[in-house]
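Have a look at the structure below before the remarks.
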2 protein chains.
Amino acid sequence: MPTSRPPLSTRRVLQAALALADSGGTDSLTMRHLGRELGVEAMSLYRHVANKDAVLDGIVDLVVAEIDLPGAEEDWKVTMRRRGEAAYRVLTRHPWAPPLLMSRTNTGPAMLRYIDFTLGVLRGAGFSWKLADYAWNTMDSFVYGYTLRRLAFPVAPADYAETAATHQHLLAGGEYPHMAELTRQVTLGHHPGDPDITFGLNLILDGLERLRDAEQAG
Amino acid sequence: MPTSRPPLSTRRVLQAALALADSGGTDSLTMRHLGRELGVEAMSLYRHVANKDAVLDGIVDLVVAEIDLPGAEEDWKVTMRRRGEAAYRVLTRHPWAPPLLMSRTNTGPAMLRYIDFTLGVLRGAGFSWKLADYAWNTMDSFVYGYTLRRLAFPVAPADYAETAATHQHLLAGGEYPHMAELTRQVTLGHHPGDPDITFGLNLILDGLERLRDAEQAG
DNA sequence: TTTGTAAGCTTACGACGTAAGCAAGGATGC
DNA sequence: GCATCCTTGCTTACGTCGTAAGCTTACAAA
């Protein structure tokens, strides 16, 4: 008679799955491993989740739910920038999540809430429905794309120069002259390597503002 | 004595793998299936590729190599826009590719050539090294993010209104008022749904141009 | 002829997701 | 108090995967 354990539930299964993914990535998230973590056989999990895909969908929505929706600031651009930065922070805290988030159609409640909030902010700032829709799609394409690229190229900004130096030989053949020179610039410390996500966010937000103004003027 | 077949080679293995992925997605790309396609046992493939990851890296670079580099136009913005559109077209022709492309560190020759070309265009347009680096990173984050989102939400523009109508019930609860209204707008035909990739490309390119001008003026 | 080497084959192992059915225990109806 | 059922978790098993280890065959060089 082992120590009695709390009974399983969908919620407990998903939370354990999230913890497992956080500690070892998607590879370590197997039904058997997840069962072991909960002190249970793998097949028992199927009483509480339909299949592994349901587990993946579930933990992705748990992550999305972690994204704080900023309060409604007076300035919509500030709100939107914070929203993008918050998403980036949360997604990089769970590096296994973005590939899942983007390669499956996700309509979990947290995601819907997130989108609804965004539409509200843009409408409040005077965007037409059409432009608001374009706007959040453009923002999110960038945020997710940026996050994924950052994760797939996991060089901390501080190490960038060093890594660049290491890869110099790849570029030495003269086949990629511009990359070679760019790498040299980074190595010399003339510029810091990858842009912060704020760079792109501001670029897009400024552009959207101009489009909104043109729309209102026209 | 079966019909003699051409001998295996890394190239032939990768081409067969590409064809297999194109016809049935990543799921159907298994070593055994790939061997069968080539009239060979699975283990024979390991004479020509290190392991399955090498196959995946290889076919991703084959896809990247399909992206036409536009000729150097007089207008850098036109060139850059075409570049983004070409990438989008190629990647949607191989819908299994973007998730792979973005979730593994890729430095295949086709990718390096693609980046080098882009840097050259931007430098030719008067961008500093730093701004050119930021610029292509921002562009590509958007292009890949947009492409992935588009693939994960595979509603052809023409079907959008219909799909929206189908999902109306999800929104009827009043929990997501802005989404509900947006959906209604789409259903009424007031706007066409998802933006074309050109919308975001132009937005970003205009913003980059302004930054370059400011840089040159400063 | 001998010998070396490369290409492909055979067998096998330890994962994986999950279908099918069983066992035990608590709740419910009489 | 007893019989019933339903819930929860367990056991066993199947087909699939990537790939390690070693074998066979055939041709080229000596």
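Quick caveat, the model's predicted, so the values are computed rather than measured. What you see below is based on every heavy atom in this structure, not just the backbone, and it leaves out hydrogens, waters and symmetry mates. Throughout, a chain's letter reflects where its sequence line sits, starting with A, and its residues are numbered from 1.
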Open item on the list: Closest approach to the side chain of N51(B), judged atom by atom: which nucleotide of dT19(D), dT18(C), dG8(C) is it?
Closed with: dT19(D)

- [ ] Just compare dG9(D), dT18(C), dG18(D) and give me whichever is closest to any side-chain atom of Y46(B).
- [x] dG18(D)

TODO: Return the orientation label for the Y134(B) and H191(A) ring planes: parallel under 30°, perpendicular over 60°, tilted otherwise.
DONE: perpendicular

Open item on the list: Just verifying a value: how many Å separate T147(A) OG1 and F142(A) CZ, rounded to the nearest 0.5 Å?
Closed with: 8.5 Å

Open item on the list: Would you compute the distance between atom CG of L205(A) and atom CE of M139(A) and round it to the nearest 0.5 angstrom?
Closed with: 5.0 Å

Open item on the list: Any side-chain N or O of S44(B) below 4.0 angstrom from OP1/OP2 of dA7(C)?
Closed with: no

Task: Under-4.0 Å side-chain N/O to phosphate OP1/OP2 contact, H48(A) with dG9(D) - done: yes

- [ ] Give the nucleotide from the list dT19(D), dG8(C), dG9(D) with an atom nearest to the side chain of R47(B).
- [x] dG8(C)

Task: Nearest-neighbour nucleotide for the A42(A) side chain, dG9(D), dG18(D), dT18(C) considered - done: dT18(C)

Task: Which nucleotide in dG17(C), dA12(C), dT10(C) has an atom nearest any side-chain atom of K52(A) - done: dG17(C)

TODO: State whether a side-chain donor-acceptor pair under 3.5 Å links W96(B) with D27(B).
DONE: no

Task: Out of dC10(D), dT18(C), dG18(D), whichever nucleotide has its closest atom nearest the side chain of V40(A) - done: dC10(D)

TODO: For the side chain of R32(A), starting at C-beta, report the closest nucleotide among dA13(D), dT11(D), dG18(D).
DONE: dA13(D)

Task: Nearest-angstrom distance from the residue atom NE2 of H33(A) to P of dG17(C) - done: 12 Å

